[in-house]
2 protein chains.
Amino acid sequence: MSSNFQWYIKKQWGLSEEDTLKLQNFYEKRSLEKGEVLLQIEEFSNEYYFVESGLLKSYSYSSNGKEHILQFAPENWLIGDLGSIHLKERSSFYVEAIEDSLVCIFNESFFDELSKLCANFRERNEALLHKHVRHLNHRINLLLGASAEERYVDFLKLYPNLSKRVPLRLIASYLGITPESLSRVRKKIAHKEF
Amino acid sequence: MSSNFQWYIKKQWGLSEEDTLKLQNFYEKRSLEKGEVLLQIEEFSNEYYFVESGLLKSYSYSSNGKEHILQFAPENWLIGDLGSIHLKERSSFYVEAIEDSLVCIFNESFFDELSKLCANFRERNEALLHKHVRHLNHRINLLLGASAEERYVDFLKLYPNLSKRVPLRLIASYLGITPESLSRVRKKIAHKEF
DNA sequence: ATTGTGCATTGACCTATGGTAAGAAGTGAA
DNA sequence: TTCACTTCTTACCATAGGTCAATGCACAAT
């Protein structure tokens with residue numbers, strides 16, 4: 001039986017069926033209940049997560065105690081504080097399950113093994129990082145200038161289907177507005193779309 | 001005569017005096033006048049810049065035509081679209097001189113050479129990227145929840161001295177507010193600080 | 001000196017979004 | 001079923017920040 005993760009490894013890193021199977025010893029699966037916290041902020045951790053099924057979020061709190069969501073991770077997404085792994089620093093955010101989920105957990109030894117099996121691991125890995133930086137820059141641009149409505153539309157593009165699965169207040173927290181405002185935005189948009 | 005860049009290379013990459021000199025053939029210096037554009041958006045470029053003296057900015061425009069500043073780069077800072085270099089894509093922002101400046105320009109061949117001279121080039125390079133991602137996440141957090149005043153105070157920490165050199169409207173564009181609002185924030189802060 | 005240009009400040013007003021509170025609708029447990 | 005709980009919506013008012021316009025200031029060009 002083949003998992004999403006195995007499919008992802010093959011596709012993303014161009015591994016053979018055989019090599020993909022070799023990696024099985026370097027990660028473990030874990031099922032999570034809704035609300036379970038995988039990664040605490042300020043924690044020394046070297047784990048990284050692939051979402052087999054379910055939905056996770058990464059978030060932190062600002063000085064006034066409000067939760068800010070950095071990222072959602074539905075099926076087939078990766079999530080975790082890679083920076084803390086490589087920089088040997090404390091993690092800079094939480095990771096928590098929004099739904100009952102199944103995740104694959106792995107750490108540096110997985111990457112080490114992968115780099116042996118994948119000839120151009122470094123390049124691909126670096127490219128992924130650069131793409132992530134691009135995405136963050138895009139988000140910063142939106143936060144600098146776009147209205148709540150524009151940001152919501154952008155969210156819908158980035159995470160299709162998620163608008164139905166995720167509680168409104170979490171989307172609002174991702175957009176940097178209140179749930180009430182988001183509710184108004186949705187009302188306004190309802191006339192345009194569909 | 002030793003340049004800031006040579007000092008930076010030695011310190012950042014732990015090279016010997018000799019190796020540092022070898023790299024001289026892999027970058028060139030260029031002087032810029034205020035307002036000169038080093039990198040156009042949507043351009044295929046593989047250049048990266050180190051600021052010897054002066055001040056640069058990277059920026060793009062949002063849908064409503066407003067300029068958004070992604071980063072300032074005073075002396076001894078690096079700037080450029082690394083992502084576009086590695087991903088072979090068009091650049092996602094402009095780079096322009098705010099003051100008359102002197103920059104060191106280099107490209108992949110410089111990195112190639114550096115990776116030969118620096119044993120743990122990959123690790124250090126990756127660590128730099130991760131630090132950058134952390135910084136971007138921090139900025140996103142501020143934009144999600146902090147007031148204009150809080151963001152301005154954060155700006156002052158990140159870029160000490162810059163508040164005197166940079167036109168107010170550019171700082172405002174970095175913070176995502178109008179020059180008028182920033183002026184009011186500064187007025188308010190003036191009572192507290194100093 | 002005069003004019004012009006760009007920038008910072010200020011004030012008056014406006015708008016998007018926040019804050020609060022209340023109710024409606026859905027969900028799950030006993 | 002009822003109760004408790006959460007989510008979403010709506011209404012009303014408050015506020016941070018935006019918009020526009022006027023002023024003043026510094027500096028460059030003539």
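Letters A, B, ... are given to chains in the order of the sequence lines, protein chains preceding strands, and every chain is numbered from 1. The basis for the numbers below is simple: all heavy atoms, side chains too, and nothing from hydrogens, waters or symmetry mates.
Counting only residues at least two apart or on different chains, the ring-ring contact (aromatic ring centres under 6.0 Å, His included) pairs with a member in residues 10-37 of chain A are A:Phe5-A:Tyr27, A:Trp13-A:Phe121. Evaluation of the salt bridge (charged side-chain N to carboxylate O under 4.0 Å, His left out) test over residues 138-147 of chain A, restricted to residues two or more places apart or in two chains, returns none.
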Under 3.5 Å, which N/O atoms of the protein pair with N/O atoms of nucleotides 19-27 of chain C?
unit_1, atom_1, unit_2, atom_2, d
C:dG19, OP1, A:Lys66, NZ, 3.4

Using a cut-off of under 3.5 Å, enumerate the N/O to N/O pairs linking the protein to nucleotides 6-8 of chain C.
unit_1, atom_1, unit_2, atom_2, d
C:dC7, OP1, B:Arg169, NE, 3.3
C:dC7, OP1, B:Arg169, NH2, 2.9
C:dC7, OP2, B:Arg169, NE, 3.4
C:dA8, OP1, B:Leu168, N, 2.4
C:dA8, OP2, B:Leu168, N, 3.3
C:dA8, OP2, B:Arg169, N, 3.3

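Residues satisfying the side chain to side chain donor-acceptor pair (under 3.5 Å) test with A:Ser63, not counting sequence neighbours, are B:Glu150. Residues passing the ring-ring contact (aromatic ring centres under 6.0 Å, His included) test with B:His86 are A:His130, sequence neighbours excluded. Applying the salt bridge (Lys or Arg N to Asp or Glu O under 4.0 Å) rule to A:Glu126 yields the partners B:Arg122; only residues at least two apart in sequence or on another chain are considered. Under the side chain to side chain donor-acceptor pair (under 3.5 Å) criterion, B:Asn25 pairs with no residue, sequence neighbours left out. With sequence neighbours excluded, no residue forms a side chain to side chain donor-acceptor pair (under 3.5 Å) with B:Tyr174. For A:Ser109, the side chain to side chain donor-acceptor pair (under 3.5 Å) test picks out A:Asn107, with sequence neighbours left out.
Between A:Phe93 and A:Tyr59, the ring centre distance reaches or exceeds 6.0 Å. Aromatic ring centroids of B:Trp77 and B:Tyr159 lie under 6.0 Å apart. Aromatic pair A:Tyr48/A:Phe110: ring centres not closer than 6.0 Å.
Among the atoms of the strands shown, none is found under 4.0 Å from any heavy atom of B:Gly145.
A nucleotide of DNA chain D counts as in contact with chain B when one of its atoms lies under 4.0 Å from a heavy atom; the first and last such, 5' to 3', are D:dG17 to D:dC20.
End-to-end axis angle of the helix from C:dA1-D:dT30 to C:dA30-D:dT1, using five pairs per end and rounding to 10°, comes to 30°.
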